[in-house]
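The first residue of the sequence shown is numbered 1, and numbering continues consecutively from there.
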Amino acid sequence: MMEYMQSWLEHPVFQAGIAPFLAALLLAMLLSKPRLSGLAVVVAFALTVQLVGGFAIDPLTSSRKLVILTLGAAALAIPLSFSKPKWLTAALALSAATAAVWMAFSILKQKELQEMLLFGSSGALYLGWLVYWGDRLHDMPIRSASCGVGLGVGTGGAALIGSSALLGAYGLALAAAAAAVVSLHLIHNRPLPLRRNFILPLVVGAGLIGYLGSLTAQLPWYALACLALIPPLCGLPLADGKPRLQSVLFVTLSTACAAGAIYLTWRIAGTPPY
């Protein structure tokens, strides 16, 4: 019996799908009264990190920097959830762009100068774009949760096909957590109190996973272009005042972009070796 449970706990479907979904579902409900439901996504992500390989800092690899930055974005987002200066979105985007370069620096410095500048600037632009448009959804819970589903599925699925099981698990964990929140929206027909503490770590995590996948796995840059469409699409003024319809509509739009990113990666990488 213990061996069966241990094998189940080590199964990728449980680690990257079932566990983060259930954790986010429970926490989103429990934290709705103090209006902290958004924290469910980062707790679910942290659970998958622990199940897949555990937390470690030394050596400080790019994938470990990714985890640190995602958790750091969640911590930063808690006080910022109650702040609304007009310049904050642009400042967050600029900070995220800098963070992308820091995460990938050990990889970038091994390249020729021209390639280093190209890959560094494109990664900074990608993460800055996601954070800018994602942060514009911070007070739109249904749209931000739907955005999270598409970004997580597309990023995790493309990374998995591009032969990075670790990055794939991280991305799919974000998707599972966002899907749990969408499920609650559909059940109750009203939005949960999600703020920056939901959308900021989600777009930072997904953006860094996609960027690192393009550097270390066979995830093509134009697949990231499909994923970059998701936050702006989720901000379109459609089906306002209809929570269930909004959820279905924006999940459909975001997962369509995700499917495009996965397909483009599959065309390059083929069927994954695992």
Side-chain angles (χ1 to χ4, degrees), residues 57-74 76-77 87-136 147 150-152 154-168 170-171 174 199-233 257-258 260-270:
I57 296 179
D58 188 31
L60 191 57
T61 61
S62 294
S63 59
R64 288 172 177 169
K65 288 181 180 179
L66 185 159
V67 173
I68 292 171
L69 288 170
T70 303
L71 299 179
L76 179 66
W87 51 264
L88 184 55
T89 298
L92 288 173
L94 182 60
S95 300
T98 305
V101 175
W102 177 71
M103 179 202 70
F105 185 72
S106 60
I107 301 171
L108 294 174
K109 70 180 182 180
Q110 300 176 32
K111 300 182 180 295
E112 298 292 334
L113 179 61
Q114 186 174 358
E115 281 191 327
M116 180 178 69
L117 294 175
L118 175 62
F119 284 108
S121 59
S122 60
L125 178 63
Y126 178 63
L127 192 62
W129 171 278
L130 287 184
V131 169
Y132 178 81
W133 287 101
D135 191 65
R136 291 167 67 95
C147 172
L151 271 180
T155 304
L160 196 63
I161 291 173
S163 301
S164 178
L166 179 66
L167 296 180
Y170 288 172
L174 293 174
I199 193 63
L200 185 59
L202 197 152
V203 293
V204 167
L208 292 174
I209 292 166
Y211 178 38
L212 187 56
S214 70
L215 289 174
T216 60
Q218 298 183 64
L219 201 165
W221 66 265
Y222 41 86
L224 299 184
C226 286
L227 298 175
L229 294 174
I230 293 175
L233 284 176
C257 294
I262 292 171
Y263 173 74
L264 291 172
T265 305
W266 174 77
R267 287 288 304 270
I268 295 295

Worked verdict on Asp135 versus Val203 for side-chain contact (heavy atoms from CB on, under 4.5 Å): CA-CA 9 Å; Asp135 191 65; Val203 293; over 6 Å; no
Quick one, Thr155 with Leu174, criterion side-chain contact (heavy atoms from CB on, under 4.5 Å). Give me CA distance, side-chain angles, the key distance, then yes/no. CA-CA 9 Å; Thr155 304; Leu174 293 174; over 6 Å; no
Using side-chain contact (heavy atoms from CB on, under 4.5 Å), reason through Leu76 and Leu92 one step at a time and then give a plain yes or no. CA-CA 10 Å; Leu76 179 66; Leu92 288 173; 4.2 Å; yes
Working note: Leu227 + Ile230, criterion side-chain contact (heavy atoms from CB on, under 4.5 Å); need CA distance, chi angles, decisive distance, verdict. CA-CA 6 Å; Leu227 298 175; Ile230 293 175; 4.1 Å; yes
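Using a distance-only test at 3.5 Å, with no hydrogens or angles considered, no donor-acceptor pair links the side chain of Tyr211 to the main chain of Leu224.
In this view, Ala97 and Ala124 satisfy the side chain to side chain contact (heavy atoms under 4.5 Å, CB included) rule, not counting sequence neighbours. Under the side chain to side chain donor-acceptor pair (under 3.5 Å) criterion, Arg64 pairs with no residue at all, not counting sequence neighbours. For Tyr263, the side chain to side chain donor-acceptor pair (under 3.5 Å) test picks out Arg267, with sequence neighbours left out. The side chain to side chain contact (heavy atoms under 4.5 Å, CB included) check on Ala74 picks up Val42, Pro201, with sequence neighbours excluded. Applying the side chain to side chain contact (heavy atoms under 4.5 Å, CB included) criterion to Ala96, with sequence neighbours excluded, gives Leu127, Val131.
Inter-residue side-chain proximity for Leu151 and Leu130 is flagged as met; some heavy-atom pair is nearer than 4.5 Å. Side-chain atoms of Ser214 and Phe119, non-hydrogen and from C-beta on, never get closer than 4.5 Å to each other.
When every heavy atom of Thr265 is checked against every heavy atom of Gln218, the shortest pair comes out as CG2-O, 3.4 Å. The two residues Gly171 and Ile209 make their nearest non-hydrogen contact at N-CD1, 3.5 Å. The two residues Trp266 and Ile161 have their closest heavy-atom pair at CA-CG2, 3.8 Å. Residues Ala228 and Tyr126 approach most closely at CB-CE1, 4.1 Å, considering heavy atoms. Residues Leu229 and Pro232 share a closest heavy-atom pair of O-CD, 3.2 Å. Considering all non-hydrogen atoms of both residues, Pro220 and Ile268 come closest at CG-CG1, 4.1 Å.
A distance of 11.5 Å separates SG of Cys257 from CD1 of Ile262, quoted to the nearest 0.5 Å.
For the side chain to side chain contact (heavy atoms under 4.5 Å, CB included) criterion with Val67, the lone passing option out of Thr70, Leu69, Leu71 is Leu71.
Judged as a side chain to side chain donor-acceptor pair (under 3.5 Å), the pairs with a partner in residues 103-119 (not counting sequence neighbours) are, in order, Ser62-Ser106.
Atom CH2 of Trp102 has more than 12 neighbouring heavy atoms from other residues, nucleotides or ligands inside a 6.0 Å radius.
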